[in-house]
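See structure below.
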Amino acid sequence: MQTFTFTALPARIVFGPGRIAELADEVRRLHLQRVLVLSTPNQRALAETMAQQLGTLAVGVHAEAVMHVPDSVAAAAVERARSLAADGIVAIGGGSTIGLGKAIALETALPVIAVPTTYAGSEMTPIWGITRGGLKTTGRDARVLPKTVIYDAELTLRLPTAISATSGLNAIAHCVEGLYSQDANPMSSLMAAEGIRALAQALPVIKDRPQDAEARSLALYGAWLSGTVLGMVGMALHHKICHTLGGSFNLPHAEVHTVMIPQVTAFNSSAAPQAMARIAAALGCNNAASGLYDLVARLQAPHSLRALGMRETDLDSAADLATRNPYYNPRAVTRDNVRELLQSAFEGKRPT
Ligand code: NAD
């Protein structure tokens with residue numbers, strides 16, 4: 001039996017279709033009286049409906065969240081929260097909106113209630129990220145961990161199938177790396193394997209029937225597990241590469257995870273055989289890496305960095321950046337083996 005250290009993160013989870021109706025109760029439960037509701041411009045209508053539902057408990061809607069939390073966007077949101085004397089934040093949306101809520105919490109220590117509408121998993125982590133001058137800085141801080149998370153599948157029924165697929169694969173990537181994490185523990189591994197199982201079962205159904213409420217709930221359940229794993233244990237090479245490609249080459253976050261996860265799984269397969277066996281079992285196939293590749297294909301999601309608009313001439317500098325300050329990884333990382341890995345990802349080769 002391995003030795004391990006287990007720290008549970010405090011969060012209240014309210015899970016089930018229609019449970020967004022309990023938002024006001026959850027606001028009161030935290031003794032909040034003046035919450036600011038956040039969303040992207042895209043989801044403003046939803047945020048406004050929620051603010052109306054909250055009545056006098058809401059002091060405004062700030063529908064300005066954008067991907068990767070640029071520092072100017074974070075500063076404007078902090079200013080808005082202060083000027084309205086908000087005493088709490090309700091962040092409704094994907095990782096970008098929840099990320100903006102975290103940026104406000106980092107500065108003001110205001111409590112956050114998160115209502116995730118994608119599968120990215122940010123709502124379960126104390127990890128914040130802010131982008132300054134094209135460089136994303138991340139850190140861990142207990143203040144940014146949402147106090148309450150409401151998972152309501154009804155809010156996800158209109159999440160486009162393409163984003164459903166890539167954000168679901170982003171969640172699967174947290175679970176995959178959680179299984180070979182340096183500080184994995186029996187609980188994180190149980191959650192990671194179950195998260196992969198739930199998402200791998202739900203995502204193809206969502207692809208075929210986006211309005212299937214049961215599959216949407218199953219995917220949110222997988223997202224909850226994956227976010228919990230991400231919040232609990234350290235990530236490895238896959239996340240390092242995705243941060244590099246997203247941050248320095250401006251490639252879209254969830255799509256990069258989608259392209260990279262089969263390739264990094266193949267890269268690590270011989271160094272983490274137990275994790276690979278659990279991933280394959282959770283996917284219901286014989287090989288973790290090709291099973292993930294086939295899932296990406298089944299979801300008609302992007303397979304190659306080329307398809308995401310990456311230039312082949314940038315692969316050398318991507319390999320340099322991704323191997324600078326490396327994270328722990330089960331297989332030794334060198335500039336050359338990462339360059340080779342990036343080439344396979346560029347071409348979108350099926351791992352053998
Ligand atoms: P996102 O939040 O950028 O959302 C993508 C798009 O989908 C947005 O336009 C949004 O308005 C729209 N959308 C979201 N939910 C919708 C719904 N139900 N119906 C219709 N449209 C909807 O994308 P994401 O993948 O959720 O988040 C990516 C960001 O989250 C990245 O910046 C990433 O770094 C961050 N992230 C952070 C953590 C963490 O722990 N800190 C974890 C995962 C991701």
Side-chain angles (χ1 to χ4, degrees), residues 119-121 161-180 192-193 195-208 219 222-223 226 229 235-242 244-246 251-310 312 315 318-319 322 329-331 333 337-352:
Y119 310 127
T161 50
I163 304 181
S164 302
T166 55
S167 105
L169 282 149
N170 184 183
I172 286 179
H174 306 328
C175 297
V176 166
E177 293 233 294
L179 280 165
Y180 54 64
I196 295 170
R197 186 202 64 76
L199 285 156
Q201 192 182 321
L203 295 177
V205 181
I206 291 169
K207 167 87 182 115
D208 296 342
S226 84
V229 171
M235 296 288 115
L237 179 64
H238 169 81
H239 280 73
K240 174 75 184 182
I241 290 178
C242 291
T244 304
L245 296 178
L251 296 184
H253 176 85
E255 286 86 342
V256 173
H257 276 274
T258 299
V259 168
M260 290 309 306
I261 195 58
Q263 305 293 341
V264 182
T265 304
F267 179 91
N268 281 326
S269 61
S270 54
Q274 284 180 347
M276 295 302 146
R278 290 188 84 162
I279 297 163
L283 291 169
C285 66
N286 294 327
N287 180 281
S290 52
L292 287 167
Y293 188 92
D294 294 344
L295 178 61
V296 174
R298 167 73 176 84
L299 300 175
Q300 294 177 335
H303 260 141
S304 67
L305 294 177
R306 182 192 277 128
L308 303 187
M310 177 123 191
E312 195 164 8
L315 294 179
N329 192 63
R331 176 174 163 192
V333 167
N337 64 20
V338 167
R339 176 66 183 77
E340 208 175 300
L341 163 62
L342 287 171
Q343 188 68 40
S344 301
F346 181 78
E347 292 167 17
K349 282 188 187 156
R350 185 175 191 274
T352 49

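When reading the values below, keep in mind they use all heavy atoms of this one structure, side chains included, and skip hydrogens, waters and symmetry mates.
Taking the side chain as every heavy atom from C-beta outward, Lys240 and Asn329 never approach each other to under 4.5 Å. The shortest distance between side-chain heavy atoms of Glu255 and Thr166 falls below 4.5 Å. Residues Val176 and Val264 fail the side-chain proximity criterion, which asks for heavy atoms closer than 4.5 Å.
A donor-acceptor pair is defined here as one N or O able to donate and one able to accept, closer than 3.5 Å; no such pair exists between the side chain of Tyr180 and the backbone of Met276. Judged purely by atom type and a 3.5 angstrom limit, Arg331 uses its side chain to pair as donor or acceptor with the backbone of Phe267. Judged by distance alone, the side chain of His238 and the main-chain N or O of Thr265 form no donor-acceptor pair under 3.5 Å. Gln263 places no side-chain N or O within 3.5 Å of a backbone atom of Gln343 that could act as its donor or acceptor partner. In this structure, Glu177 contributes its side chain and His239 its backbone to a donor-acceptor pair below 3.5 Å.
The environment of Glu312 atom CD is dense: over 12 non-hydrogen atoms of other residues, nucleotides or ligands sit within 6.0 angstrom. Remark: Glu347 CD is packed, more than 12 non-hydrogen atoms of other residues, nucleotides or ligands lying under 6.0 Å away.
With sequence neighbours excluded, the residues that form a side-chain hydrogen bond (donor to acceptor under 3.5 Å, both in side chains) with Arg298 are Asp208. With sequence neighbours left out, the side chain to side chain contact (heavy atoms under 4.5 Å, CB included) criterion links Ala223 to Tyr119.
To the nearest 0.5 Å, the span separating CG on Leu251 from CE on Met310 amounts to 6.0 Å. Atom NZ of residue Lys207 and atom CG of residue Leu295 lie 12.0 Å apart, to the nearest 0.5 angstrom. A distance of 10.0 Å separates OG in Ser344 from CZ in Arg339, rounded to the nearest 0.5 Å. Rounding to the nearest 0.5 Å gives a distance of 9.0 Å between CG of Leu245 and CG of Leu308. Atom CD1 of Ile172 and atom CG of Leu199 lie 5.0 Å apart (nearest 0.5 Å). One distance of note links OG of Ser167 with NE2 of His253; it measures 9.0 Å at 0.5 Å rounding.
Scanning all heavy atoms of the two residues, the minimum distance from Pro330 to Ala236 falls at CD-CB, 4.4 Å. Counting all heavy atoms, side chain and backbone alike, Met235 lies closest to His174 at CE-O, 3.5 Å. Of all the heavy atoms in Ala322 and Val338, the pair that sits closest is CB-CG1, 4.3 Å. Taking both residues in full, the closest heavy atoms of Ile206 and Ala219 are given as CD1-CB, 3.7 Å, listed atom of the first, atom of the second, then distance. A pairwise comparison of heavy atoms in Ala193 and Ala282 identifies O-CB, 3.4 Å as the closest pair. In terms of heavy-atom proximity, Ala288 sits nearest to Leu283 at O-CD1, 3.7 Å.
Side-chain atoms of Gln274 and Arg278 include no donor-acceptor pair closer than 3.5 Å.
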Begin with the C-alpha distance, continue with both residues' side-chain angles, and end with the deciding distance and a verdict on side chain to side chain contact (heavy atoms under 4.5 Å, CB included) for Leu299 and Thr258. CA-CA 10 Å; Leu299 300 175; Thr258 299; over 6 Å; no

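Here the rule is side-chain hydrogen bond (donor to acceptor under 3.5 Å, both in side chains) with Ser290, and of Asn286, Asp294, Asn287 only Asn287 fits it.
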